[in-house]
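Ligands are counted one by one from 1 in listed order, and the atoms in each one are counted from 1 as well. Every heavy atom of this structure was used, including side-chain atoms; hydrogens, water molecules and symmetry mates were not.
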Amino acid sequence: MKRLVDKLWDEHRLTPDEYRALLIMRDAQDIDYLMDQARTVSQLHFGRGIYLRGLIELSNVCRNDCLYCGIRRSNCHVERYTLSHDQVLACCEQGYKIGFRTFVLQGGEWGEERSRWIADLIGDIKKGWPDCAVTLSLGEHPRETYALWRDAGADRYLLRHETHHPRLYSLLHPQGMSLAQRLQCLDWLKELGFQVGTGIMVGAPFQTLGSIIEDIEYLVDFQPQMIGLGPFIPHHDTPFRRFPAGSVEMTAKLYAILRLAMPKTLIPSTTAMATLAPDGRCRGILAGANVVMPNLSPTDTRKQYSLYDNKAALGAESAQGVKILADELAAIGYHIDWSRGDSPQ
Ligand code: SAM
């Protein structure tokens, strides 16, 4: 196994069978070796600093009906909200004072009639805090909409491909959504000069080791600047309510494999990791992740942005809890890096 980890370090790519061997390995010493090497690579490029992104959950209104997601259109138990322009700017102001230099606007997918509103919001954030990066995570849109947002000043875009297997994609999404369209969106975003993030839910229903290997190969070919990867967690009001959650162990393994494959990629240790295990966030960092995205949304809307059950939004997961986060990081030998944290690629 060590030979495979060393090969991944040297060549940044393995064969499908070699990825499979790493994904199924169980020996504790082998796993420790994988994690140690991933951590070393991360520290070579980023030191022991962890970048922060302030997550602003813009709206839980969504036109899509993804079968895994708690804010899917047909979940009639969700109390829908959309933050106002001023509420978003107030989140940025508060975040800037705390020290954040990246704001991530994430939300359900809207129709194009609201695109201009988003562009104006991006413009005002860039005007108010010109030294900050704006990341968007607002789903699939036509190329012109992405261009409008890029021209307004948005720097980065997160759009998980969710799976690179067309059949699995269609089992996770409603009719009308297609893997081809999602991949097209990712290509457009890259062409338009966004720093692009993509990724998957680990342990999603019907996912197989084979499909995860296809995801790794797609990520290595696409070379995103950021990788968004977290365990699937069921939501009680979705068709996937009875499926088990993904595992922290497998997600950490994937962080480590992807860190070795793409040494300079930004990899957040995601909220879903922190939701599944009290030490999940730190385990992600010890597997080579180097970003954390604390929640900067107004406290009264956080529980309405419920993508999955028991989603962590307090303590070290909240922007107001950065002291707790700093202490957690210090306990494992890391610290907060307050810079903008652009991709070095
Ligand atoms: N609408 C945008 C989009 O589709 O990219 C951004 C919001 S969407 C809710 C953000 C991400 O949440 C998705 O890409 C998905 O991977 C993740 N997510 C949704 N439901 C989840 C669940 N039940 N467990 C874990 N992650 C989930």
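- Considering only non-hydrogen atoms, atom 15 (C) of ligand 1 lies nearest to E162 out of R63, E162, H161.
- Residue-to-ligand polar distances place Y68 within reach of ligand 1: an N/O pair is separated by less than 3.5 Å.
- Look at R72 and D237 and you find no salt bridge, because none of the NZ, NE, NH1 or NH2 atoms lies under 4.0 Å from a carboxylate O.
- The aromatic ring centroids of F206 and F243 lie less than 6.0 Å from each other.
- Looking from atom 21 (C) of ligand 1 to the surrounding protein, the closest heavy atom is M201 SD, 3.8 Å.
- The residues D155 and K126 are annotated as salt-bridged, a charged nitrogen and a carboxylate oxygen being separated by less than 4.0 angstrom.
- By the 4.0 Å N-to-carboxylate-O rule, R3 lies too far from D6 to be salt-bridged with it.
- Contacts with ligand 1 closer than 4.0 Å are made by no heavy atom of H235, backbone or side chain.
- Using a 4.0 Å threshold on non-hydrogen atoms, atom 11 (C) of ligand 1 does not count as touching the protein.
- Using modelled atom types and a 3.5 Å distance limit, the side chains of Q304 and T301 yield no donor-acceptor pair.
- For atom 8 (S) of ligand 1, the nearest protein heavy atom lies 4.0 Å or farther away.
- In this structure, the protein non-hydrogen atom closest to atom 1 (N) of ligand 1 is G107 O, 2.9 Å.
- Residue nearest to atom 25 (C) of ligand 1, selected from G230, S306, P231, C62: P231 (by heavy-atom distance).
- Heavy atoms of N64 found under 4.0 angstrom from ligand 1: none, in either backbone or side chain.
- Note: no N/O pair closer than 3.5 Å links C69 and ligand 1 by distance alone.
- The side-chain heavy atoms of D187 and R143, taken from C-beta on, include no pair separated by under 4.5 Å.
- Annotation: side chain of Y146 is not in contact with side chain of L136 (no heavy-atom distance under 4.5 Å).
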